[in-house]
Amino acid sequence: MLDRKFVMEELEAVQENCRNRGVTVDFDQLAKLETRRKELIPEIDETRRKANEVQKSIPKAKDNDERQKFIAEGRSLREQVSALEKELSEVEEQSTSILRFIPNMSHPAAPIGEDDQANKVVKQGKTEVPKFDFPVKDHVELGEELGIIDLEAGVRVAGNGFYFLKRDGVLLELALQQYAIQTLVKEGFTPVITPDLALNSILDGVGYIPRGESTQIYSIENQDLSLIATAEITLGGSLSGQILNEKELPILLCGVSHCFRTEAGAHGRSSRGLYRVHQFTKIEMFAFTHPEQSSEMLEKLLGIECQLFDDLGIPYHVVDTATGDLGGPAYRKYDLEAWMPGREDGGTYGEVTSTSNCTDYQARRLNIRFKKPGEKGTTLVHTLNGTAIAVSRALIAILENYQQADGSVVVPEVLRPWVGKEVIEPLTKS
RNA sequence: GGAUGGGUGGCCGAGUGGUCGAAGGCGACGGUCUUGAAAACCGUUGACGUUUAACAGCGUCCGGGGGUUCGAAUCCCUCCCCAUCCGCCA
């Protein structure tokens, strides 16, 4: 959420930003509500002040008559206060519900455009796109032949969009987790295993909408909880309501969690196999920073993502995400798109990671601030998040890029310590 | 899930329904003293909103929400959380 005051003061810039982001907001209504809100607050304060004054005079009343008079006056003032407060809370609720739809402002350099078509490629990874002199298989075929991905069992047990990993698939997943965490710990991140569920108020603060028509979120019946779609939710929420010391910043966390997504309305679109699944494991980076550090931190997070995929030997490019594709909280976002040779016809780039600077947009709703020692007041922190490894998609990229003519798949060198072999061979039917 | 006891400022800890934003202590910060430090002494020490050019006011906040009352940290209801014991369980 943006700051109320900021929205009213910079109305034009906010409106333009909404246009760029493809979001329609009823600014007239918002302005009306905010005006009324600004009238009500001093009115309530003043009425309450009078009531307090009258109250204080009651014990000092000269006689019972005067006392009764004061009591009546006090009662009437309190009634006025509660009526005004009721109006204020209604006005505030309406105003907030509009405000919540206003997306974050956008970085001046972010490409302006409606959707991902406008995303700008800004960088290539170190690894070349592989040339195959044999018919390329996609990860679904490879995973089946290697006996490491069982989509059919997933369907039997939990329906479409679920899967089993088996044998070296399990080792690969664990290796990817180890690889990511080991790397991040060296970069100064504190590793964290978070809950896979979170309170709806936390989802809300981070910018996810827990319930409703087209929600991405699975919610738990009769409980105020949802399955998380990313550890961004739990990591961001972990410091909600806290006032940090400036000296503690930046705080770097890397979370391991499962991610659950309904993927409502996303069927059919390049979603074969593991690409769009309801559950996967993800290692997520999260940073709480000083406002002055956040731009630099975004580059750092991007740098780590690049290093992870360079060292995995996976070809990718980086895109600077266009305004219309930024979502609500992001001020700027970079996606890494890995080359997936088996995807669509002849291969295509598919998103494997994403890193965003959310500036103070999440911090405002989560109420995460910091304080400079010796100075009055508090300032909202900036929050950033970035995928280190989303296991399911990384798996696609590895299987498809590292496949060989005989149907085997070479294990990326950096993962070998945990997988324990150099090549994963197809199951031999005996 | 059952029983009991609790939730007060950065921490510990008082608090009779009315001048309590809240005693006292600790910590932190500033000062006096000292060559320097410690000790001692003095002072300052929450957040948010709002008014003001500023000084300074005003309002709200004692786990959350609701109620009683002219007035609630204090009484009532409810929810949450924590501790201990019991039950259950990986």
Side-chain angles (χ1 to χ4, degrees), chain A residues 1-9 30-31 33-96 99 193-205 210 219-226 234 237-249 251 256-258 288 291 360-381:
Chain A
M1 195 167 83
L2 292 175
D3 180 43
R4 304 186 122 85
K5 220 186 290 174
F6 172 83
V7 173
M8 287 300 114
E9 281 166 7
L30 180 65
L33 290 165
E34 279 301 296
T35 307
R36 184 63 188 138
R37 184 175 162 272
K38 272 201 195 141
E39 291 164 359
L40 282 167
I41 289 170
E43 207 177 329
I44 288 170
D45 280 0
E46 179 58 19
T47 313
R48 199 176 346 233
R49 192 191 60 73
K50 280 187 202 153
N52 286 346
E53 216 170 77
V54 170
Q55 239 166 260
K56 282 176 192 165
S57 62
I58 290 173
K60 296 179 202 146
K62 285 197 293 286
D63 52 42
N64 197 43
D65 277 359
E66 193 180 64
R67 194 181 154 84
Q68 290 311 317
K69 200 191 90 192
F70 285 150
I71 288 176
E73 202 179 333
R75 179 183 289 135
S76 135
L77 285 165
R78 289 292 165 186
E79 278 164 8
Q80 286 178 46
V81 168
S82 72
L84 289 168
E85 273 184 331
K86 188 166 171 250
E87 190 189 347
L88 177 66
S89 75
E90 284 163 10
V91 165
E92 219 154 49
E93 197 184 313
Q94 289 176 45
S95 155
T96 303
L99 221 41
I193 293 177
T194 87
D196 285 342
L197 285 82
L199 290 169
N200 292 140
S201 60
I202 297 293
L203 286 263
D204 208 72
S219 53
I220 305 296
E221 196 172 9
N222 298 327
Q223 297 241 256
D224 198 21
L225 289 167
S226 295
T234 40
S238 68
L239 292 178
S240 67
Q242 302 300 299
I243 297 176
L244 308 167
N245 190 313
E246 186 183 27
K247 283 181 280 190
E248 297 175 73
L249 300 175
I251 295 174
V256 184
S257 83
H258 293 117
F288 300 90
D360 62 8
Y361 193 88
Q362 292 174 329
R364 184 168 293 106
R365 299 215 85 218
L366 291 168
N367 195 17
I368 307 175
R369 294 167 291 164
F370 71 90
K371 197 173 162 47
K372 292 183 199 183
E375 275 189 39
K376 269 211 166 278
T378 54
T379 311
L380 291 166
V381 300

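If you're wondering where the values come from, they're calculated on a predicted model, not measured in any experiment. Excluded from the calculations below are hydrogen atoms, water molecules and symmetry mates; all remaining heavy atoms, backbone and side chain alike, are included. Each chain gets a letter, A, B and so on, in the order its sequence line appears, and its residues count up from 1.
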(message) Say we look at A38(B) and G27(B): how far apart would their P atoms be, to the nearest angstrom?
(response) 12 Å
(message) If the threshold is 4.0 Å, N to carboxylate O, is there a salt bridge linking Glu34(A) and Arg4(A)?
(response) yes
(request) State the pairing partner of G18(B); accept Watson-Crick or G-U wobble contacts with both distances under 3.5 Å, and report none otherwise. (result) C70(B)
(message) Which is more 5' along RNA chain B, the nucleotide nearest Thr379(A) or the one nearest Ile44(A)? Just name the residue.
(response) Thr379(A)
(request) Whole angstrom is fine here: how far is it from CZ in Arg364(A) over to C1' in C48(B)? (result) 14 Å
(request) Give the nucleotide from the list A47(B), C70(B), G59(B) with an atom nearest to the side chain of Arg49(A). (result) G59(B)
(message) Between U69(B) and C12(B), how many Å separate the two C1' atoms, rounded to a whole number?
(response) 33 Å
(message) Using the P atom as the point on both nucleotides, what is the distance between A3(B) and C20(B), in whole Å?
(response) 40 Å
(message) Taking C58(B) as the reference, what is the distance to A22(B) when you measure between their P atoms (whole Å, please)?
(response) 12 Å
(request) Take the protein atom CD of Glu39(A) and the nucleotide atom C1' of U51(B), then report the distance between them rounded to whole Å. (result) 16 Å
(message) Could you identify the nucleotide paired to G30(B), looking across every strand shown and requiring Watson-Crick or G-U wobble geometry with both distances under 3.5 Å?
(response) C42(B)
(message) Between C81(B) and A90(B), how far apart are the two P atoms, rounded to whole Å?
(response) 24 Å
(request) Mark yes or no for whether Asp196(A), through its side chain, and His258(A), through its backbone, hold a donor-acceptor pair below 3.5 Å. (result) yes
(request) Verify the contact: side-chain N or O of Arg48(A) to OP1 or OP2 of U60(B), cut-off strictly under 4.0 Å; return yes or no. (result) yes
(message) From CD of Glu85(A) over to C1' of G49(B), roughly how many Å is that when rounded to an integer?
(response) 13 Å
(request) Kindly say if Asn52(A) contacts the phosphate of U19(B), meaning a side-chain N or O under 4.0 Å from OP1 or OP2. (result) no
(request) Could you work out the separation of G65(B) and A72(B) based on their C1' atoms and round it to a whole Å? (result) 15 Å
(request) Between Arg67(A) and Arg78(A), name the one whose nearest nucleotide on RNA chain B is closer to the 5' end. (result) Arg67(A)
(request) Rounded off to whole Å, could you give me the CG-to-P distance for the Leu380(A) and A47(B) pair? (result) 14 Å
(message) Suppose we define a pair by two distances each less than 3.5 Å, Watson-Crick or G-U wobble; what does U60(B) pair with here?
(response) A47(B)
(request) Return the value, rounded to whole Å, for the distance between atom CG of Leu88(A) and atom C1' of U60(B). (result) 12 Å
(request) Counting heavy atoms from C-beta on, name the nucleotide in U50(B), C58(B), C70(B) closest to the side chain of Lys5(A). (result) U50(B)
(request) Measure the distance from CD1 on Ile41(A) to C1' on C48(B) and round it to the nearest whole Å. (result) 11 Å
(request) Just call it for Lys371(A): base, sugar-phosphate, or nothing, with non-hydrogen atoms closer than 4.0 Å on any strand. (result) sugar-phosphate
(message) Under 4.0 Å, counting only non-hydrogen atoms across every strand here, what does Ser76(A) touch: a base, just sugar-phosphate, or nothing?
(response) nothing
(request) Specify the separation, in whole Å, of atom CD of Glu43(A) and atom C1' of U51(B). (result) 15 Å
(message) With a 4.0 Å cut-off on N to O distance, would you call Glu53(A) and Lys50(A) a salt bridge?
(response) no
(message) I want to verify a distance call: between G46(B), C70(B), U50(B), whose nearest atom is closest to the Gln55(A) side chain?
(response) C70(B)
(request) Using the C1' atoms only, state how far G1(B) lies from C75(B), rounded to an integer number of Å. (result) 31 Å
(request) Could you check how far CD of Glu46(A) sits from P of G59(B), rounded to whole Å? (result) 9 Å
(request) Locate the shortest heavy-atom distance separating Leu84(A) from Thr47(A); write the atom from each residue and the value. (result) CD1-OG1, 4.0 Å
(message) Of the listed nucleotides (G49(B), A47(B), C70(B)), which one gets closest to any side-chain atom of Ile71(A)?
(response) C70(B)
(message) Check this for me, if you would: do Glu66(A) and Lys69(A) make a salt bridge, where the nitrogen-to-carboxylate-oxygen distance has to be below 4.0 angstrom?
(response) no
(request) Would you mind checking if Arg78(A) and Glu73(A) are paired as a salt bridge, meaning a charged N to carboxylate O distance below 4.0 Å? (result) no
(message) Under a 3.5 Å cut-off for both contacts, is G24(B) paired Watson-Crick or G-U wobble with anything, and if yes, with which nucleotide?
(response) C12(B)
(message) Taking the P atom in each of C79(B) and C41(B), what is the distance between them to the nearest angstrom?
(response) 50 Å
(request) Any strand is fair game: report the nucleotide pairing with A90(B) by Watson-Crick or G-U wobble, both distances under 3.5 Å, or none. (result) none
(message) C48(B), OP1 or OP2 - any side-chain N/O from Arg369(A) closer than 4.0 Å?
(response) yes
(request) Write down the partner of C85(B) under the Watson-Crick or G-U wobble criteria, each distance required to be under 3.5 Å. (result) G2(B)
(request) Show your working on side chain to side chain donor-acceptor pair (under 3.5 Å) between Ser95(A) and Arg37(A) and close with a plain yes or no. (result) CA-CA 9 Å; Ser95(A) 155; Arg37(A) 184 175 162 272; 5.8 Å; no
(request) Could you please name the option among G18(B), A47(B), U50(B) that lies closest to any side-chain atom of Ile58(A)? (result) G18(B)
(request) Give the C-alpha distance, both sets of side-chain angles, the deciding distance and a yes or no for side chain to side chain donor-acceptor pair (under 3.5 Å) between Ser219(A) and Ser226(A). (result) CA-CA 4 Å; Ser219(A) 53; Ser226(A) 295; 4.9 Å; no
